[in-house]
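Reviewing the structure listed below.
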Amino acid sequence: MDNAATTRVLPEVFEAMKPYLLEEYGNPSSTYEFSGKIAQEVEKARSAIAELIGATEKEIFFTSGGSESDNWAIKGVADALRKKGNHIITTSIEHHAVLETCKFLEERGFEVTYLPVDDKGLVDPQAVENAIKDETILISVMFANNEIGSIEPVAKIGEIAHAHGVIFHTDAVQAFGHVAINVDRMNIDLLSASAHKLNGPKGVGLLYIRKGVKISNLIHGGAQERGRRAGTTNAAGIIGFAKAAQIAAERMAERCTKETALRNRLIEKVLEEIPYTRVNGDLTKRLSNNVSFCFRFIEGESLLILLDQKGICASSGSACTSGALDPSHVLLAIGLPHEIAHGSVRLTLSDEITPEDIDFTVEALKQAVKRLRDMSPLYEDFVKHESGK
Ligand SMILES: *Cc1c(COP(=O)(O)O)cnc(C)c1O
């Protein structure tokens with residue numbers, strides 16, 4: 001129930017990678033024949049992935065994952081265009097890989113506008129347009145939110161960015177392989193994706209860079225990735241990434257239908273069975289596998305421990321912030337007060353989940369929430385007050 005944190009490598013993906021670890025393990029940059037085939041396979045993988053998002057193979061640059069791609073996109077544009085301007089527009093619900101990169105740049109003289117979102121977690125394209133000034137060099141808005149699953153109006157934002165001559169980056173790590181993406185139709189200039197969120201291996205991702213977009217390099221060294229991203233090519237990882245992306249595209253419609261049914265079953269049952277519960281995020285402009293609840297009078301972290309005892313893996317927000325005591329920045333951004341935001345749990349499904357798993361989870365949630373509320377003085381006061389009315 002935590003497939004937004006990571007996913008299982010599919011057997012077909014593992015099989016596609018295996019020969020390039022055990023047999024054809026050469027360094028694709030070497031000149032001898034032994035490495036020739038693997039270099040060709042990496043290029044085939046690049047073309048296959050490019051085709052899936054309507055890009056050309058020359059616009060796909062492999063990285064070590066989503067965090068690196070986000071860092072590269074933002075720091076790279078900031079560095080390349082610092083003479084043109086120092087203003088960046090992003091949102092208050094981005095992944096930490098974007099937010100912390102923006103903070104890093106703020107300490108170095110850049111100005112960042114963090115746009116608010118509405119109570120469903122959606123960015124208003126008009127607010128993006130209003131925030132643009134002469135100094136604006138980059139707009140970075142995520143495709144889909146990793147905590148509450150809301151799908152942002154990226155095509156509209158891309159159109160606005162282009163009308164003003166501003167570069168548009170989107171962190172599509174949660175959307176890639178889950179939602180159909182076309183970089184031309186959506187006016188996307190830079191796009192981050194990561195293999196391990198779509199049944200590929202960990203440690204490999206990509207940055208799509210539209211031809212002509214000015215961006216400096218992040219990793220300096222060798223001539224890999226056409227001199228733009230140094231480091232020995234992660235050939236098996238890239239080949240696995242392409243395989244996973246192709247399978248995800250083939251199965252997208254079927255998986256979406258299946259996950260949506262499971263997601264709606266989970267939401268309906270929980271709202272029916274557990275009082276004082278809310279669903280976070282938009283119910284339709286939403287990733288098919290994302291469910292986010294807030295249960296009043298409890299701590300999400302305590303609930304996670306009880307779920308874990310039943311063998312259910314869930315998250316209180318993003319894996320990156322777990323352990324921190326502050327409530328999720330995303331839940332605060334949609335306007336939830338601290339005490340409600342603290343009671344959050346995110347459940348993210350896969351197409352391997354069954355209706356029985358959903359029912360088991362609903363029962364576990366029901367028992368765990370009751371147990372925690374029974375121990376809560378706040379809940380006791382609330383019930384007394386309610387019955388005294
Ligand atoms: C997981 C995630 C990332 C980070 O990707 P890694 O490959 O794990 O570095 C970035 N953005 C979003 C929205 C994510 O969900």
Side-chain angles (χ1 to χ4, degrees), residues 1-9 13 49 60-76 90-104 114 117 121-123 140-152 154 157 168-179 181 188 190-208 218-219 229 231 234 237-238 240-242 244-245 248 280-281 285-292 313-322 328-331 333-334 346-350:
M1 292 286 180
D2 200 19
N3 287 277
T6 197
T7 56
R8 180 168 89 99
V9 169
V13 170
I49 289 193
I60 302 294
F61 296 86
F62 290 111
T63 66
S64 68
S67 299
E68 186 189 321
S69 298
D70 286 342
N71 272 261
W72 186 7
I74 298 167
K75 289 178 192 164
T90 187
T91 80
S92 49
I93 61 161
E94 298 296 313
H95 188 273
H96 288 287
V98 167
L99 291 178
E100 294 298 319
T101 303
C102 286
K103 261 198 226 156
F104 171 88
Y114 300 90
V117 292
L122 298 173
V123 179
S140 180
V141 177
M142 70 200 318
F143 203 113
N145 183 265
N146 47 301
E147 292 188 35
I148 59 173
S150 47
I151 299 178
E152 301 299 335
V154 280
I157 295 168
F168 177 45
H169 167 249
T170 187
D171 173 344
V173 175
Q174 288 292 332
F176 194 90
H178 295 266
V179 180
I181 298 175
I188 296 165
L190 299 164
L191 176 144
S192 307
S194 179
H196 78 100
K197 303 287 175 80
L198 51 124
N199 301 101
K202 291 166 184 57
V204 57
L206 66 81
L207 183 64
Y208 156 77
L218 182 71
I219 311 285
R229 196 277 182 187
N234 178 2
I238 290 166
F241 187 6
N280 304 310
K285 291 174 191 130
R286 184 184 197 103
L287 290 172
S288 59
N289 72 342
N290 174 288
V291 179
S292 167
C313 309
S315 151
S316 62
S318 64
C320 325
T321 51
S322 292
S328 136
H329 64 289
V330 176
L331 298 178
I334 63 173
R346 177 189 76 179
L347 301 149
T348 44
L349 317 177
S350 77

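This structure is a prediction, so every number in the text was calculated from the model and none was measured. First listed ligand is number 1; within each ligand, the first listed atom is number 1.
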If you apply the rule side chain to side chain contact (heavy atoms under 4.5 Å, CB included), what do you find for Leu198 with Phe176, and how did you get there? CA-CA 8 Å; Leu198 51 124; Phe176 194 90; 3.5 Å; yes
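- When all heavy atoms of Val173 and Ala193 are compared, the closest pair comes out as CG2-CA, 4.1 Å.
- In this structure Thr170 satisfies the side chain to side chain donor-acceptor pair (under 3.5 Å) test with no other residue, sequence neighbours excluded.
- For the residue pair Ile93 and Met142, the shortest heavy atom distance occurs at O-SD, 3.2 Å.
- One side chain, His169 or Ser192, offers a donor N or O that lies under 3.5 Å from an acceptor on the other.
- Ser328 contributes a side-chain N or O that, together with a main-chain N or O of Leu331, makes up a donor-acceptor pair within less than 3.5 Å.
- The protein residues lying under 4.0 angstrom from ligand 1, judged by non-hydrogen atoms, are Gly65, Gly66, Ser67, Asp70, His95, Met142, Asn146, Asp171, Val173, Gln174, Ser194, His196, Lys197.
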